[in-house]
**Student:** 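Pasting a structure below so you can have a look.
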Amino acid sequence: MKEKTYVEDIDRSMYDFRNEEKDAYRVKEGLTPAIVEQISREKHDPVWMQNFRLQSLQIYNEMEMPDWGPSIEGLNMENIVTYVRPNTHMSAKWSDVPEDIKDTFEKLGIPQAERKSLAGVGAQYDSELVYHNVRAEVAAQGVVYTDMESALTGKYEDMVRRHFMKLVPPRDHKFAALHGAVWSGGSFVYVPPGVSVEIPLQSYFRLNAPGAGQFEHTLIIVDEGAYLHFIEGCSAPKYNVANLHAGCVELYVGKNATLRYSTIENWSKNMYNLNTKRAKVAEGGKIEWVSGSFGSHVSYLYPMSLLNGEGARAEFTGITFAGKGQNLDTGAKIVHNAPNTSSYMNTRSISKDGGISTFRSAVVVNPKAKGSKSAVSCQSLMLDDISRSDTIPAMDIRTNDADVGHEAKIGRISDEAVFYLMSRGISEEEARALIVSGFADNVSKELPLEYAVEMNNLIRLEMKGSIG
């Protein structure tokens, strides 16, 4: 049986709907001190934040573009609009959100998900949150879940100032500096000591404007002995111009606390996804990353965990699906800075129709991290003979008292497996989709239910090339 080397590309029409642009305000394309000051005035920043933005812009102008990953030559900041405010104000009532924006999130299933299974929801449209709500029983526990601007200009300003871009400083890399200059929107979460938030919080980011960037900042602080599951989703319609996503996520996990952070990124294939995510974990604490990367033209995405307290733990579970015109460079980094810390990475990457999927990881075990353990497992599946998959694991072990392991597998769908399923009456398209779903199963079962369903639907769409 001759192997088929082509599978039709995904029909993204369920995500590619777009609204007529009715933004109330937008800055000019490009990146200048005047534009940054303009954004700062629009955001009603305190003086320290305005200065921080301008300092970040200066750092951005001094730093070089990355020269080690996928090409981002098609991204020209002179053509990117860094701030677009939709024609509405943030509301805690869904009925108050304008109909066109409401319709967007209804199509994406956000209100339905909130009513069924979420403790709170924030919905961002272009550069601003348009809806934010948290259940009364969760707020009664002392849990704070609000937009970043309200936290910055309200009673949580001191907490924001102590934590904002301390884990990801502007000098970390060029796009961290860009974020520091033009950030807008995002969520602020604080979970008090000992509080367990039994049902998840969720933020959803939708970029509607062509040629725009989205730069939301998420800051989560889970205090001693507390628990939180936070879910993040992203999507955008496709345009024939470059869009940019350069958000930032900073997670602080306290002593004996646990934070589970789940993300499904389903950006359109004109998006440059240059996002930065980082967690700091105290003694006995645990960070659990669950990451699904399905969209964007180019991605650089490597959530990082700093295990700074004895017995701190990190788990990273990820799946990447690279199709036609996509170069997705994803992975994770874990730094063991204290004794008896442990980490585990488990990833699956799938590439098809000329897509390029690269798994890039780093495990660092510093001299003080005696008795630490780390295991990395990465598996890649190529669905045809024109796709590519690479694994680039790095291990930097600076103590003899550590247990570190790594395994990697790269392969293709076998003709025999497809033939076997077809002999049982299954079509070739469905056979291939079943094999891919099975390959991704131990990752998808870690996703929140709605997103696991979405991921399996996406896999079937990729196989069939049409909806329905």
**Student:** Ignoring hydrogens and geometry, is there a side-chain-to-backbone donor-acceptor pair from Glu250 to Val168 under 3.5 Å?
**Tutor:** yes

**Student:** Between Ser40 and Val36, is there a donor-acceptor pair closer than 3.5 Å when you use the side chain of the first and the backbone of the second?
**Tutor:** no

**Student:** Where the side chain of His163 meets the backbone of Met159, is there a donor-acceptor pair that is under 3.5 Å apart?
**Tutor:** yes

**Student:** Just by modelled atom types, is the Ser150 backbone N or O under 3.5 Å from a matching donor or acceptor in the Asp147 side chain?
**Tutor:** yes

**Student:** Nearest 0.5 Å please: distance from the CD1 atom of Ile392 over to the SG atom of Cys378.
**Tutor:** 10.5 Å

**Student:** For residues Tyr272 and His297, establish whether the separation of their ring centroids is below 6.0 Å.
**Tutor:** yes

**Student:** Is the closest side-chain donor-acceptor distance between Ser196 and Glu198 under 3.5 Å?
**Tutor:** yes

**Student:** Side chains of Glu232 and Tyr261: is there a donor and an acceptor less than 3.5 Å apart?
**Tutor:** yes

**Student:** Answer with yes or no after comparing the ring centroid distance for Tyr156 and Phe188 against a 6.0 Å cut-off, counting only values under it.
**Tutor:** yes

**Student:** So which heavy atom on Gly331 is nearest to which on Pro303, and how close?
**Tutor:** O-CD, 3.2 Å

**Student:** Going through the distances and angles, do Val189 and Leu219 end up as a side chain to side chain contact (heavy atoms under 4.5 Å, CB included)?
**Tutor:** CA-CA 6 Å; Val189 181; Leu219 175 57; over 6 Å; no

**Student:** Going by the rule side-chain contact (heavy atoms from CB on, under 4.5 Å), which residues pair with Lys368 if we only count those two or more places apart in sequence or in a different chain?
**Tutor:** none

**Student:** Go through the side-chain N and O atoms of Ser351 and Ser357 and say whether any donor and acceptor fall under 3.5 Å apart.
**Tutor:** no

**Student:** Would you name the heavy atoms of Ser291 and Leu301 that are closest together and state the gap between them?
**Tutor:** OG-CD2, 4.4 Å

**Student:** Sort and list the pairs that fulfil salt bridge (charged side-chain N to carboxylate O under 4.0 Å, His left out) and have at least one residue in residues 45-57, not counting sequence neighbours.
**Tutor:** Asp45-Arg53

**Student:** How about Lys269 and Ser296: does a side-chain donor come under 3.5 Å of a side-chain acceptor?
**Tutor:** no

**Student:** Is there a side-chain contact between Thr276 and Val249 (heavy atoms, below 4.5 Å)?
**Tutor:** no

**Student:** Under a plain distance cut-off of 3.5 Å, with no hydrogens placed, do Thr317 and Trp289 share a side-chain donor-acceptor pair?
**Tutor:** no

**Student:** Which residue pairs satisfy the salt bridge (charged side-chain N to carboxylate O under 4.0 Å, His left out) criterion with at least one member in residues 168-185, sequence neighbours excluded?
**Tutor:** Glu62-Arg171, Asp172-Arg278

**Student:** Just by modelled atom types, is the Ala246 backbone N or O under 3.5 Å from a matching donor or acceptor in the His179 side chain?
**Tutor:** yes

**Student:** Would the distance check show the side chain of Glu149 and the main-chain N or O of Gly185 forming a donor-acceptor pair, the cut-off being under 3.5 Å?
**Tutor:** yes

**Student:** Any chance NZ of Lys280 has more than 12 other-residue heavy atoms, nucleotides or ligands included, within less than 6.0 Å?
**Tutor:** no

**Student:** Let me confirm one number: the CZ-OG distance from Phe316 to Ser361, rounded to the nearest 0.5 Å.
**Tutor:** 9.5 Å

**Student:** Side chains of Thr218 and Lys277: donor-acceptor distance under 3.5 Å anywhere?
**Tutor:** no

**Student:** Classify the side-chain pair His44/Thr153 by whether it contains a donor and acceptor separated by less than 3.5 Å.
**Tutor:** no

**Student:** Would you please indicate yes or no on a ring centroid separation below 6.0 angstrom for Trp68 and Tyr300?
**Tutor:** yes

**Student:** State whether a side-chain donor-acceptor pair under 3.5 Å links Ser293 with Thr330.
**Tutor:** no

**Student:** Show your working on side chain to side chain contact (heavy atoms under 4.5 Å, CB included) between Ser305 and Lys333 and close with a plain yes or no.
**Tutor:** CA-CA 6 Å; Ser305 305; Lys333 182 175 183 178; over 6 Å; no

**Student:** Using 30° and 60° as the class limits, which term best fits the ring planes of Trp183 and Phe164: parallel, tilted or perpendicular?
**Tutor:** tilted

